[in-house]
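Note that the structure is predicted; figures quoted are calculated from it, not measured. Naming convention: chains lettered A, B, ... in sequence-line order (proteins, then strands); numbering from 1 in each chain.
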Amino acid sequence: GESVGLHLPTLSVQEGDNSIINCAYSNSASDYFIWYKQESGKGPQFIIDIRSNMDKRQGQRVTVLLNKTVKHLSLQIAATQPGDSAVYFCAENPTNFGNEKLTFGTGTRLTIIP
Amino acid sequence: DTGVSQDPRHKITKRGQNVTFRCDPISEHNRLYWYRQTLGQGPEFLTYFQNEAQLEKSRLLSDRFSAERPKGSFSTLEIQRTEQGDSAMYLCASSYFNSGYTFGSGTRLTVV
């Protein structure tokens with residue numbers, strides 16, 4: 001039969017609070033990292049990216065932090081809204097020549113509680 | 001241009017049948033990618049094209065899978081002799097060289 005396999009890490013946050021989603025990446029040679037948001041039935045949607053020569057980048061309500069020492073990436077979402085409820089994936093580009101292919105993490109399901 | 005389009009959105013097929021999916025990228029994008037996503041997992045890279053040239057294929061792409069991009073615009077992904085393990089969401093994305101990917105909404109394949 002069909003496997004269920006829905007054992008994503010989950011995070012529930014009260015509307016209006018800040019959320020932090022973490023990701024550990026595997027390849028120390030990766031030089032480009034992206035966070036994607038995926039809503040049910042849709043493809044991944046770009047949120048924010050960061051290159052390895054930076055340790056922080058900010059967008060609108062989102063901030064990505066990169067710690068190359070421990071190969072850790074985090075996504076901070078400020079003042080969360082119901083529309084932020086989705087699965088969030090980090091992705092890494094394990095080459096030095098741009099985004100020919102990405103390696104995605106498992107994902108975290110974020111639920112915003114009204 | 002409304003983004004990356006994939007057709008069909010859903011496909012149910014019997015085991016052993018062949019299926020073909022289509023992807024229309026953003027018109028000025030020269031790179032096109034195929035990924036597969038199973039329930040609860042992140043997308044996994046299958047293959048990518050730069051213009052009409054297929055430049056990389058994953059080991060996930062068995063010989064039952066073939067992808068084409070004949071004129072450097074739309075692409076097709078064909079799966080021959082489908083198996084239940086092929087059930088997944090097949091995602092297409094496009095980019096212009098090193099710009100960020102734009103994903104389509106995917107084709108969900110169910111093999112019964």
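- For the set B:Pro43, B:Gly106, B:Ser58, the count of heavy-atom pairs under 4.5 angstrom toward chain A peaks at B:Pro43.
- In this structure, chain A has a heavy atom under 4.5 Å from the side chain of B:Gln37, while its backbone stays farther away.
- The local environment of CD1 in B:Ile12 is sparse, with at most 12 non-hydrogen atoms from other residues, nucleotides or ligands closer than 6.0 Å.
- Neither the backbone nor the side chain of A:Gln45 comes within contact range of chain B; no heavy atom of the residue lies under 4.5 Å from a heavy atom of that chain.
- Residue contact with chain A, scored on non-hydrogen atoms closer than 4.5 Å, is absent for B:Arg108.
- Nearest heavy-atom pair across B:Glu68 and B:Pro70 is C-CD, 3.7 Å.
- At least one cation-pi condition fails for B:Arg36 and B:Tyr90: the charged atom is not both under 6.0 angstrom from the six-membered ring centre and inside a 45 degree cone around its axis.
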* List the steps and the verdict of side-chain contact (heavy atoms from CB on, under 4.5 Å) for B:His29 and B:Val4. => CA-CA 10 Å; B:His29 285 183; B:Val4 178; 5.6 Å; no

